[in-house]
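Given the structure is predicted, the values throughout are model-derived calculations rather than measurements. So that the names make sense, note that chain A is the first sequence line, chain B the second, and so on, each numbered from 1.
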Number of protein chains: 2
Amino acid sequence: MTDRFVGSRPKMTDVARLAGVSVATVSRSLAGSPLVTGETRERIEAAVRETGYVVNHMAQRLRLQESRQILALVPDIANPFFAEVLVGVEGAAHEAGFNVLIGNTADDPRRADLHARQLLTGGVDGMLLMNGRLPDVLLGKAHDGRLVAVVEPVPGKKLPTVEIDQRAAAGAATEYLAGLGHRRIAHITGVVASTVSDLRLRGYRDALARLGLAVDEHMIAAGDYTIAGGEHAMARLLASGERPTAVFCSSDETAIGAIKAIRAGGLSTPGDISVMGFDDIQIAAAYDPPLTTIRQPKRLMGAEGFRLLADRIAGTASSVRSEPLPFELVIRASCAPPK
Amino acid sequence: MTDRFVGSRPKMTDVARLAGVSVATVSRSLAGSPLVTGETRERIEAAVRETGYVVNHMAQRLRLQESRQILALVPDIANPFFAEVLVGVEGAAHEAGFNVLIGNTADDPRRADLHARQLLTGGVDGMLLMNGRLPDVLLGKAHDGRLVAVVEPVPGKKLPTVEIDQRAAAGAATEYLAGLGHRRIAHITGVVASTVSDLRLRGYRDALARLGLAVDEHMIAAGDYTIAGGEHAMARLLASGERPTAVFCSSDETAIGAIKAIRAGGLSTPGDISVMGFDDIQIAAAYDPPLTTIRQPKRLMGAEGFRLLADRIAGTASSVRSEPLPFELVIRASCAPPK
DNA sequence: GAAAACGCTACAATCGATTACATCTTGCGT
DNA sequence: ACGCAAGATGTAATCGATTGTAGCGTTTTC
């Protein structure tokens, strides 16, 4: 670690010269090849220490034709749900020696496009799509399986997808409320025209049908996964003639908004109206009342998404579609039997 | 966009051949050099369209000796505060044509080290340190200003730092509580031995001194920025002899924990005990009661951190230390005058 | 009319690693 | 002793771009 290479970093030739061997031998030695042994290897290692040599990733990547980087395209990093998925992605990637680039699309297709271009220019080896949309620049291309969808399936494109059985989960949520004795169960949807939101709505309808309960279209209000959206939707639900005794919300944020609207209407949760969330983000347990919700295995989904992608990058792609991951009904205090 | 290059992407030589010029000319043309003009440029552009050529980033980076990537080292991406800062970083980076790698340290120095190595290997052009710690591998090195600290200053190292005036902010919070009429104001700290937590504690002490109020050491409880930490700390505060009428917490999570403990003790907020948070994360406004808190300009801090770093990477580094960014007292409902 | 100036393009070196192939040593069997 | 295989190392091509310098053809200048 002397300062003999001030300014420019030592390169492999410097190590080779010092060790009295060729760069080929240094490269092999560093790669752990069994061809380099004994005294030679020691001399090289000493020279590496002496010079403070570290490999130049740009050169290595060009030669190897792989960046060992992936890009995670996320609608909003600050959304606690996606942040948690990202932790899973980062963790799995880190273990496999991959780095993770973040692409915050902020629902702007141009930003998504600009990020997606990384895949075409070789900036990254693969991409995780978490916003349910294939960027336009990738449309006609053969991106031979360097794409994996996480959370939201990508419509119109056969992509490996990591998800839970949304329909079954929504069904379980609805049945739980019915099991508590509720008969007038409302639903606040997610963003309209999103696959996941549709599936949850369908699951809700399924369950009501199974239970022999009629579906009242006035009991279905459109939300957008946000607190404000939940608040407005709940206000509408309350204003409609006969009000529900329980509400199944398609996100925890929506549930929080709903609870606020319920309180604003002079009612209480779960006293007057039970509220069920979805996702089990961190606030869910901390909120007052703690939210009963469906937990999605967020970190696991991220990790699994990475693994699927890594398999395809390595060419060991097994199946196109992996098993749905398990969800879990988490019972806390925001739902109770009706009065 | 024909399929003539199935398998291997077209490279610059392909474009050159098709346009009937040399690669040098193609490169210059694509770079927008004024040397290439008229018909030649048009032929090249046509050839680019024809082949569907896009530059190979790996080769470009090797040649240019810059990755146009930075790494953001964060203790926890899923922490809403840091997630929000990251949004700012990503936005500014994106505008400047930089990509952002995330490094989740999870408080593990080895993970931080592994990520930091990216800087030594040329994997990234610079690094944003958000965890207040210089990774060991960077210790003896001359990383000539490719490092910027954000949020938490890095002790023992003169680094450009993006921060707010923590001491003044804590003072403002404490004075606000005093202004409401409180005399017994407690404080729950952040992680002990962290610079930021120390500064806030000092600001709290300053303010009490200014106000002529005695500092009661029993009114200072150690937290760790988490909900659970706030809960335990508040429980201790309640158990101690004379209980406070107001608590200044060093994070919003801490405040939420404190409120839970207050409720668990049969008391209410702000009725019996006012609670003040810090940071103004998204839940702060949604919680019940909505949290009065100090807002840190999170996105701005992230964006500013990136700009400082970009300046130093470009060699246009202006000052080592930028002005502290403005904080803001956000008054909501968790603080009220004492009974 | 020769020389200088200029505009455009090509050649070839370069960035720093990896690796197929060639070469040189050794050791072993017979 | 000789031949041959196996082991260790070196040589040089390669990944795909950028860019300094040289070259060439045309126009300007005196």
Side-chain angles (χ1 to χ4, degrees), chain A residues 5 7-45 47-48 51-69 97 117-118 120-125, chain B residues 5 7-45 47-48 51-69 117-125:
Chain A
F5 298 98
S8 68
R9 284 163 38 194
K11 39 189 172 180
M12 207 173 257
T13 44
D14 297 317
V15 174
R17 195 176 329 113
L18 193 60
V21 296
S22 74
V23 286
T25 306
V26 175
S27 176
R28 278 192 281 260
S29 176
L30 261 29
S33 157
L35 285 179
V36 185
T37 50
E39 201 251 347
T40 309
R41 167 156 256 146
E42 279 165 26
R43 274 212 321 282
I44 292 173
E45 276 165 13
V48 166
T51 54
Y53 170 82
V54 280
V55 72
N56 181 317
H57 270 157
M58 296 173 189
Q60 195 175 43
R61 287 168 184 168
L62 171 60
R63 178 64 230 224
L64 261 29
Q65 297 287 25
E66 59 169 26
S67 64
R68 293 199 81 75
Q69 296 188 147
R117 214 172 291 266
Q118 287 289 316
L120 303 175
T121 58
V124 300
D125 293 339
Chain B
F5 300 98
S8 68
R9 284 163 40 194
K11 39 188 170 182
M12 207 175 256
T13 39
D14 297 317
V15 175
R17 195 178 327 115
L18 193 60
V21 296
S22 75
V23 286
T25 305
V26 175
S27 176
R28 290 201 183 89
S29 175
L30 260 30
S33 158
L35 288 179
V36 185
T37 50
E39 202 251 347
T40 309
R41 166 156 258 144
E42 280 165 25
R43 274 212 321 283
I44 291 173
E45 277 165 12
V48 166
T51 55
Y53 170 80
V54 279
V55 71
N56 182 317
H57 270 158
M58 296 176 192
Q60 197 175 43
R61 286 169 185 168
L62 172 60
R63 177 63 229 223
L64 262 29
Q65 298 286 34
E66 59 167 28
S67 64
R68 293 199 82 75
Q69 296 189 146
R117 215 173 290 266
Q118 287 289 316
L119 195 58
L120 303 176
T121 58
V124 299
D125 293 338

Q) Which nucleotide, D/dA8, D/dC15, D/dA17, lies nearest any side-chain atom of B/M12? A) D/dA17
Q | Nucleotide of D/dT9, C/dT19, D/dA17 approaching A/L35 most closely (side-chain heavy atoms) | A | D/dT9
(Q) Quick check: on DNA chain C, is the nucleotide nearest B/V21 upstream (toward 5') of the one nearest A/L62, or the reverse? Name the residue that is more 5'. (A) B/V21
Q) Given D/dT11, D/dC15, C/dC11, which nucleotide is nearest the side-chain atoms of A/A24? A) D/dT11
Q) Which nucleotide, D/dC15, D/dA17, D/dT18, lies nearest any side-chain atom of A/R63? A) D/dC15
(Q) What is the distance, to the nearest angstrom, from the CG atom on A/L64 to the C1' atom on D/dG16? (A) 15 Å
Q. With nearest nucleotides of DNA chain D determined for A/R41 and A/V23 from heavy-atom distances, which residue corresponds to the more 5′ nucleotide?
A. A/R41
Q. Just by modelled atom types, is the A/R117 backbone N or O under 3.5 Å from a matching donor or acceptor in the A/T121 side chain?
A. yes
Q) Would one find a side-chain N or O of B/Q60 under 4.0 angstrom from OP1 or OP2 of D/dT18? A) yes
Q. Between C/dT9, D/dG10, D/dT9, which nucleotide gets closest to the side-chain atoms of B/T40?
A. C/dT9
Q: Please tell me which of the listed nucleotides, C/dA17, C/dA10, D/dT18, lies nearest to the side chain of A/N56?
A: C/dA17
Q) Looking only at side-chain N and O atoms, does B/Q65 come under 4.0 Å of OP1 or OP2 in C/dG16? A) yes
Q.
Using every non-hydrogen atom in the two residues, find where B/A19 and B/A47 come nearest and quote the distance to one decimal.
A. CB-CB, 3.9 Å
Q) Given atom CZ of A/R61 and atom P of C/dA17, what is their separation to the nearest angstrom? A) 13 Å
Q. Is A/R28 touching bases, backbone alone, or none of the nucleic acid, heavy atoms closer than 4.0 Å?
A. base
Q) How about B/R68 and B/H57: do any of their side-chain heavy atoms sit closer than 4.5 Å? A) no
Q: Using a 4.0 Å heavy-atom cut-off across all strands, classify A/G20 as base, sugar-phosphate, or nothing.
A: sugar-phosphate
**Q.** Separation of C/dT18 P from A/K11 NZ (nearest whole Å)
**A.** 14 Å
Q. Regarding A/D14 and A/T51, is there a side-chain donor-to-acceptor distance under 3.5 Å anywhere?
A. no
Q.
Please tell me if B/T25 has a side-chain N or O lying less than 4.0 Å from either OP1 or OP2 of C/dA10.
A. yes
Q | Below 4.0 Å: OP1/OP2 of D/dA8 and any side-chain N or O of A/T37 | A | yes
Q) Side chains of A/Q69 and B/Q69: donor-acceptor distance under 3.5 Å anywhere? A) yes
Q) Rounded to the Å, how far apart are A/L30 CG and C/dA17 C1'? A) 11 Å
Q: With heavy atoms under 4.0 Å as the rule, sort B/T13 into base, sugar-phosphate or nothing.
A: nothing
